[in-house]
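All remarks here apply to the structure that follows.
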Amino acid sequence: MTRLLGAHVPVTGGLPLAPARAVEMGATAMQVFTRNQMQWRAKEMTDLEARSFREAFRASGVGAVLAHGSYLVNLAATSPAFLAASRDTLAAEVARCHALGIPHVVVHPGAHMGAGEAAGLRAVTESLNDVLARTRGQSVRVLLEATAGQGSCLGHRFEHLAAMLEGVDDPARVGVCLDTCHLHAAGYDLVSPRGYERTMAELESVIGLRRVHAIHLNDSRRERGCRVDRHARAGEGLLGRRALARIVNDPRLAALPMVVETPGPIEKWRAEIAFLRGLIAAPRRRTAAPRPGAVRGRRPLGAAAARSR
């Protein structure tokens with residue numbers, strides 16, 4: 001099975017150009033912005049643009065595509081106006097992804113802004129239900145991204161994500177996107193073999209691996225537990241080669257799209273993806289059973305050798 005490895009791909013010049021860029025960097029998975037992620041207002045997407053992207057993606061052979069939602073969205077905002085804008089923006093993003101044929105949109109859950117974790121978690125669930133109700137029938141799953149935990153940001157504990165998901169009215173349309181840099185910054189151990197297994201066991205127990213649908217495979221420039229989000233290029237940070245190799249070779253994660261979110265240009269992404277693909281271990285070959293009468297480690301005696309004895 002070909003592993004779904006790739007990067008967040010720029011859409012300069014238009015979304016339909018992104019799949020070819022993914023191919024150029026050797027990606028089998030890709031993530032895109034469908035709109036300017038730092039503005040509330042978005043340029044209206046035409047039917048031609050949506051159709052052209054779908055056709056370009058099919059023709060590319062890239063195996064998976066994700067969208068990343070606007071950075072402005074805060075599903076736990078305490079300001080009614082900001083909360084309404086966040087919900088409107090995410091609902092519009094779901095509609096855009098539906099038109100583009102993108103099955104998942106990743107979103108940062110938001111920050112409680114001093115209201116407290118419990119109130120913030122309830123607000124995120126209420127926002128999700130509002131968005132899902134307005135986009136009923138659209139084939140897009142919202143993925144809540146695990147966060148580093150800066151400030152009052154929610155989502156840096158598995159328990160946060162589980163609480164957000166628990167009250168969702170349409171659970172099949174909501175899931176989780178893990179970010180390895182964020183998990184590390186939040187204090188989860190991905191580096192030591194035992195720590196990694198403890199983290200995976202906790203993930204399974206609290207959320208369930210079936211709810212995880214994508215991974216941002218980012219290394220970290222900062223120490224574990226720092227609660228600061230600083231991505232490093234794969235293998236150049238404090239997670240390092242061994243931890244990343246453990247992740248890409250974990251059979252429990254083998255079917256998930258994994259994308260890096262690091263600066264370009266394309267040559268940099270191509271090298272980073274090649275590095276990650278090089279960490280994937282070749283399947284072990286089965287050793288053939290020895291023939292009857294043969295001694296393991298010795299060449300069997302042939303007829304000529306037997307006659308010479």
For this session: Take Arg134 and Asp88 through the test salt bridge (Lys or Arg N to Asp or Glu O under 4.0 Å) and record every step on the way to the result.
Result: CA-CA 9 Å; Arg134 284 198 267 168; Asp88 290 346; 2.8 Å; yes

Of all heavy-atom pairs linking Pro19 and Ala56, the shortest is CB-O, 3.7 Å

### Task
Please work out which of the three classes, parallel, tilted or perpendicular, describes the rings of His182 and His231, given edges at 30° and 60°.
tilted

Between the NZ atom in Lys268 and the CE atom in Met25, the distance rounded to the nearest 0.5 Å is 14.0 Å

In terms of heavy-atom contacts, Gly120 and Leu154 come closest through C-CD1, 3.6 Å

task = Answer yes or no: is there a side-chain heavy-atom contact under 4.5 Å between Val124 and Leu128?
result = yes

Please say yes or no: joined through hydrophobic side-chain contacts below 4.5 Å, possibly via intermediate residues, are Val65 and Leu4 part of one cluster? no

- Query: Between Ser60 (side chain) and Phe57 (backbone), is there a donor-acceptor pair under 3.5 Å?
  - Reply: yes

- Query: If only atom types and distance count, is the side chain of Asn129 paired as donor or acceptor with the main-chain N or O of Gly167 below 3.5 Å?
  - Reply: yes

Minimal heavy-atom distance between Ala18 and Val9, with the atoms involved, is O-CG1, 3.5 Å

For this session: Decide if atom CD of Glu223 counts as having more than 12 heavy atoms of other residues, nucleotides or ligands within a radius under 6.0 Å.
Result: yes

Can you list the steps and then say if Arg211 with Glu166 is a salt bridge (Lys or Arg N to Asp or Glu O under 4.0 Å)?
-> CA-CA 12 Å; Arg211 305 301 298 271; Glu166 187 177 355; over 6 Å; no

Practice item. Dump the intermediate steps for ring-ring contact (aromatic ring centres under 6.0 Å, His included) on Phe82 and Trp40, then the final yes or no. Key: CA-CA 10 Å; Phe82 202 103; Trp40 289 117; 5.2 Å; yes

Discussion item. Less than 3.5 Å apart, any donor N or O on the side chain of Arg173 or Thr135 sitting next to an acceptor on the other?
Written reply: yes

Check: Quick one: does Asn249's side chain have a donor or acceptor within less than 3.5 Å of a partner on Ala245's backbone?
Finding: yes

Within the structure provided, determine whether Ser127 and Leu83 are in side-chain contact (heavy-atom separation under 4.5 Å).
yes

Backbone of Asn218 reached by a side-chain donor or acceptor of Thr180 within 3.5 Å: yes

Item checked: Donor-acceptor contact present, side-chain Arg222 to main-chain Arg230, <3.5 Å -> no

**Test side chain to side chain contact (heavy atoms under 4.5 Å, CB included) applied to Arg242 and Val191, step by step** = CA-CA 7 Å; Arg242 289 185 179 179; Val191 174; over 6 Å; no

Next on the checklist: Any donor-acceptor pair under 3.5 Å linking the side-chain atoms of Ser70 with those of Glu93?
Outcome noted: no

For a 4.5 angstrom cut-off between non-hydrogen side-chain atoms, does Val259 reach Leu5?
no

Would Glu261 and Gln31 satisfy side chain to side chain contact (heavy atoms under 4.5 Å, CB included), going step by step from the backbone distance to the final call? CA-CA 9 Å; Glu261 298 176 304; Gln31 179 177 273; 3.0 Å; yes

Assigning hydrophobic clusters by single linkage (Ile, Leu, Val, Met, Phe, Trp, Tyr; side-chain heavy-atom cutoff under 4.5 Å), is Leu17 placed with Val62? no

Tightest non-hydrogen contact, residues Cys97 and Thr34, listed as SG-CG2, 4.3 Å

Item to check | Parallel, tilted or perpendicular: rings of His160 and His156 (30°, 60°) | outcome: perpendicular

Are Val168 and Val131 linked, directly or through other ILVMFWY residues, by side chains that come within less than 4.5 angstrom of each other?
yes

On the ring face of Tyr188, is Arg157 found with NZ or CZ under 6.0 Å from the centre and within 45° of the axis?
-> yes

* N/O donor-acceptor pair under 3.5 Å between Asp219 side chain and Ala232 backbone -> no

Separation between CZ (Arg241) and CG (Leu276), nearest 0.5 Å, reads 10.0 Å

Next on the checklist: Less than 4.5 Å apart, side chain to side chain, heavy atoms only: is that true for Leu15 and Val32?
Outcome noted: yes

Main chain of Thr28, side chain of Arg3: is a donor-acceptor contact present, judged purely on distance under 3.5 Å? no

Of all heavy-atom pairs linking Ala123 and Arg87, the shortest is O-NH2, 4.3 Å

Under 3.5 Å, is there a donor-acceptor pair between the His98 and Gln138 side chains? no

| query | Are Val260 and Ile266 linked, directly or through other ILVMFWY residues, by side chains that come within less than 4.5 angstrom of each other? | reply | yes

Open item on the list: Would the distance check show the side chain of Ser86 and the main-chain N or O of Asn74 forming a donor-acceptor pair, the cut-off being under 3.5 Å?
Closed with: yes

Report task. Please confirm whether the backbone N or O of Gly195 pairs with a side-chain atom of Thr199, one donor and one acceptor, at under 3.5 Å? Result -> yes

### Message
Between Val107 and Leu144, is the side chain to side chain contact (heavy atoms under 4.5 Å, CB included) condition met? List the steps.
### Response
CA-CA 5 Å; Val107 63; Leu144 300 171; 4.0 Å; yes

Verdict with supporting geometry, Ile207 and Val176, side chain to side chain contact (heavy atoms under 4.5 Å, CB included): CA-CA 9 Å; Ile207 297 176; Val176 170; 4.2 Å; yes

- Query: Can a salt bridge be assigned to the pair Glu267 and Arg21 using a cut-off of 4.0 Å between side-chain N and carboxylate O?
  - Reply: no

One should read off an interatomic distance between Arg227 CZ and Thr147 OG1, to the nearest 0.5 angstrom, of 8.0 Å

Query raised in the report: When hydrophobic residues are tied together by side-chain contacts of less than 4.5 Å, even through go-betweens, does Met164 share a cluster with Leu209?
Result: yes

The reported gap from CG in Leu279 to CD1 in Ile247 (rounded to nearest 0.5 angstrom) is 10.0 Å

Q. More than 12 non-hydrogen atoms from neighbouring residues, nucleotides or ligands closer than 6.0 Å to CZ on Arg54, yes or no?
A. yes

Item to check | CA sep, side-chain torsions, deciding dist, call: Glu145, His108, side-chain hydrogen bond (donor to acceptor under 3.5 Å, both in side chains) | outcome: CA-CA 5 Å; Glu145 183 172 351; His108 299 165; 3.0 Å; yes

When rounded to the nearest 0.5 Å, the distance separating CZ of Arg141 from CG of Leu66 is 11.5 Å

Is there side-chain contact between His213 and Leu143, with heavy atoms separated by less than 4.5 Å? yes

Worksheet entry | Side-chain donor or acceptor of Thr46 paired with backbone N/O of Glu49 under 3.5 Å | yes

| message | Within the supplied structure, the quantity of interest is the number of heavy atoms (other residues, nucleotides, ligands) at a distance under 6.0 Å from Met45 CE; does it exceed 12? | response | yes

OG1 of Thr125 to CG of Asp130, rounded to nearest 0.5 Å, is 12.5 Å

For Val94 and Val140 the tightest heavy-atom approach is O-CG2, 3.6 Å

Subject >> Non-hydrogen side-chain atoms of Leu183 and Phe158 separated by less than 4.5 Å >> reply: yes

A side-chain contact here means heavy atoms from C-beta on lying under 4.5 Å apart; do Arg246 and Met200 qualify?
no

Q. Is there a side-chain contact between Cys181 and His216, using heavy atoms and a 4.5 Å cut-off?
A. no

